[in-house]
Asker: 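Right, I'll just put the structure down here and ask away after.
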Amino acid sequence: MARDIQITFDSADPAKLAAFWAEALGYQEQEPPRGFATWEQALAAFGVPPERRNDASALLDPEGHGPRLFFQRVPEGKQAKNRVHLDVRAAPGLSGDARMAVLETEAERLVALGATRSSRLEPAPPMVAGHIVMLDPEGNEFCLD
């Protein structure tokens, strides 16, 4: 039996990083608990002090297919290259120049949202389709694939 998964990001600013990934992936912030119009209202009602209200944030795929993304505040900054990263499938089914043009357009959009471009791997058929390595606003590597 397959299991559902959640992808967790350690973060200095969970709300900011969640906002980036929501825009990057077309995800939405998880709704606050029933009876609350906003997370701010819910957290206040639960007695969470203001300085702790950005300790976590969560995103959901609005169509219910992708994994939940969870962002948690941690005290330390990023130390090394990610051993696991996300591949954002921005150009499925495309190849060659058409593929790379779509990836370049998506890279530009994400840079405008706060990402950093790291490198580009050119297509080398038949095994390498080409991709662009990016960094999210907190330096986590991901690929536009």
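Side-chain atoms are counted along with the backbone in the values below, which use heavy atoms only and exclude waters and symmetry mates. Numbering of residues begins at 1 and proceeds along the displayed sequence.
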Asker: Would Glu40 and Arg53 satisfy salt bridge (charged side-chain N to carboxylate O under 4.0 Å, His left out), going step by step from the backbone distance to the final call?
Answerer: CA-CA 8 Å; Glu40 189 65 28; Arg53 293 183 189 166; 2.5 Å; yes

Asker: Determine whether Leu43 and Phe36 fall in the same hydrophobic cluster, where Ile, Leu, Val, Met, Phe, Trp and Tyr are linked whenever their side-chain heavy atoms lie under 4.5 Å apart.
Answerer: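 Same cluster: Leu43 reaches Phe36 through Ile, Leu, Val, Met, Phe, Trp or Tyr contacts under 4.5 Å.
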
Asker: Is Leu121 linked to Val88 within one hydrophobic cluster, defined over Ile, Leu, Val, Met, Phe, Trp and Tyr using a side-chain heavy-atom separation of less than 4.5 Å?
Answerer: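 No: no chain of side-chain contacts under 4.5 Å links Leu121 to Val88.
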
Asker: For Asp13, does its backbone N or O pair with a side-chain atom of Glu138 as donor and acceptor, under 3.5 Å?
Answerer: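 Between the backbone of Asp13 and the side chain of Glu138 there is a qualifying donor-acceptor contact (under 3.5 Å).
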
Asker: Would you mind reporting whether Glu106 and Leu110 have side-chain heavy atoms less than 4.5 Å apart?
Answerer: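 Yes - at least one pair of side-chain heavy atoms lies under 4.5 Å apart.
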
Asker: Considering all heavy atoms of both residues, which atom of Ala12 and which atom of Arg73 are nearest to each other, and what is their separation?
Answerer: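 That closest heavy-atom pairing would be O-NH1, 3.5 Å.
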
Asker: Check whether the side chains of Asp10 and Gln72 place a donor and an acceptor atom closer than 3.5 Å, and report yes or no.
Answerer: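 Their side chains do contain a donor-acceptor pair, which is all the 3.5 Å distance test asks for.
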
Asker: When clusters are formed by joining ILVMFWY residues with side-chain heavy atoms under 4.5 Å apart, either directly or through shared neighbours, do Val111 and Met100 land in the same one?
Answerer: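 Yes, same cluster.
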
Asker: Report the C-alpha separation of Trp39 and Phe46 in whole Å, then their side-chain angles, then the decisive distance to 0.1 Å, and conclude whether the ring-ring contact (aromatic ring centres under 6.0 Å, His included) test is met.
Answerer: CA-CA 10 Å; Trp39 275 104; Phe46 299 154; 7.8 Å; no

Asker: Any heavy-atom pair between the side chains of Ser11 and Phe70 that's under 4.5 Å?
Answerer: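 No, too far: nothing below the 4.5 Å cut-off.
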
Asker: Are any of the side-chain heavy atoms of Leu144 and His131 separated by less than 4.5 Å?
Answerer: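 No, too far: nothing below the 4.5 Å cut-off.
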
Asker: Are Asp136 and Lys78 ion-paired here, with the side-chain N under 4.0 Å from a carboxylate O?
Answerer: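 No, Asp136 and Lys78 are not salt-bridged.
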
Asker: Check Ser57 against Pro14 and note the closest heavy-atom contact, atom names and distance.
Answerer: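 Closest heavy-atom pair between Ser57 and Pro14: CB-O, 3.9 Å.
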
Asker: Please walk me through it: do Met134 and Ser118 pass side-chain contact (heavy atoms from CB on, under 4.5 Å)?
Answerer: CA-CA 5 Å; Met134 305 286 292; Ser118 178; over 6 Å; no

Asker: Taking Arg99 for the side chain and Gly130 for the main chain, is one N or O donor matched with an acceptor at less than 3.5 Å?
Answerer: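 Looks like yes, one N/O pair under 3.5 Å.
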
Asker: Would you mind reporting whether Leu17 and Pro137 have side-chain heavy atoms less than 4.5 Å apart?
Answerer: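 Side-chain contact under 4.5 Å: yes.
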
Asker: Quick check: closest heavy atoms across Pro62 and Tyr27, and the distance to 0.1 Å?
Answerer: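 Looks like CD-CA, 3.9 Å.
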
Asker: Between Glu104 and Arg117 (salt bridge meaning N to carboxylate O under 4.0 Å), is one present in this structure?
Answerer: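 Between Arg117 and Glu104 there is a salt bridge, with a charged N closer than 4.0 Å to a carboxylate O.
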
Asker: With no hydrogens and no angle check, is any side-chain donor or acceptor of Glu141 less than 3.5 Å from a backbone partner on Leu135?
Answerer: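 No, Glu141 side chain to Leu135 backbone: no donor-acceptor pair under 3.5 Å.
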
Asker: Tell me if a side-chain donor or acceptor on Asp145 pairs with a main-chain N or O of Arg89 at a distance below 3.5 Å.
Answerer: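 A pair under 3.5 Å: no.
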
Asker: Just one of Leu59, Ile5, Leu60, Asp61 clears the side-chain contact (heavy atoms from CB on, under 4.5 Å) bar with Pro67, so which one?
Answerer: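 Exactly one pass, corresponding to Ile5.
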
Asker: For the pair Phe9 and Phe71, name the ring-plane relationship: parallel under 30°, tilted 30 to 60°, perpendicular over 60°.
Answerer: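 Answer is parallel, since the angle falls under 30°.
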
Asker: Mark yes when over 12 heavy atoms from residues, nucleotides or ligands other than Gln41 sit less than 6.0 Å from its CD; otherwise mark no.
Answerer: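 Count over threshold, so yes.
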
Asker: Other residues, nucleotides and ligands only: do more than 12 of their heavy atoms fall within 6.0 Å of CZ on Arg109?
Answerer: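 Enclosed.
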
Asker: Using only atom types and a distance under 3.5 Å, with no angle test, would you say the side chain of Glu31 pairs donor to acceptor with the backbone of Glu29?
Answerer: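 Looks like no, no N/O pair under 3.5 Å.
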
Asker: Taking everything shown except Asp87 itself, do over 12 heavy atoms lie less than 6.0 Å from its CG?
Answerer: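 Counting neighbours around CG of Asp87, more than 12 heavy atoms of other residues, nucleotides or ligands fall under 6.0 Å, so yes.
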
Asker: Residues two or more places apart in sequence or in another chain: which of them pass side chain to side chain contact (heavy atoms under 4.5 Å, CB included) with Ala98?
Answerer: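 Result, side chain to side chain contact (heavy atoms under 4.5 Å, CB included) vs Ala98: none returned.
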
Asker: Closest heavy-atom contact between Asn82 and Val84?
Answerer: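 Smallest heavy-atom distance, with atoms named: CB-O, 3.2 Å.
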
Asker: Is the shortest heavy-atom distance from the side chain of Lys16 to the side chain of Asn54 under 4.5 Å?
Answerer: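 When only atoms from C-beta onward are counted, Asn54 and Lys16 do not touch, as no gap falls below 4.5 Å.
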
Asker: Report the C-alpha distance between Leu69 and Leu25 in whole Å, list the side-chain angles of each, state the deciding distance to 0.1 Å, and finish with yes or no for side-chain contact (heavy atoms from CB on, under 4.5 Å).
Answerer: CA-CA 11 Å; Leu69 304 181; Leu25 300 176; 3.7 Å; yes

Asker: Indicate the atoms forming the closest heavy-atom contact of Ala90 with Leu103, along with that distance.
Answerer: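 Taking every non-hydrogen atom into account, CB-CD2, 3.8 Å.
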
Asker: State plainly whether one hydrophobic cluster holds both Leu113 and Ile132, where clusters connect Ile, Leu, Val, Met, Phe, Trp and Tyr through side-chain heavy atoms under 4.5 angstrom apart.
Answerer: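 Looking at the clustering, Ile132 is in the same group as Leu113.
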
Asker: Indicate the atoms forming the closest heavy-atom contact of Pro33 with Ala42, along with that distance.
Answerer: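 Smallest interatomic distance, heavy atoms only, reads CD-CB, 3.8 Å.
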
Asker: Can a salt bridge be assigned to the pair Arg120 and Glu122 using a cut-off of 4.0 Å between side-chain N and carboxylate O?
Answerer: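 A salt bridge is present here (some side-chain N lies under 4.0 Å from a carboxylate O).
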
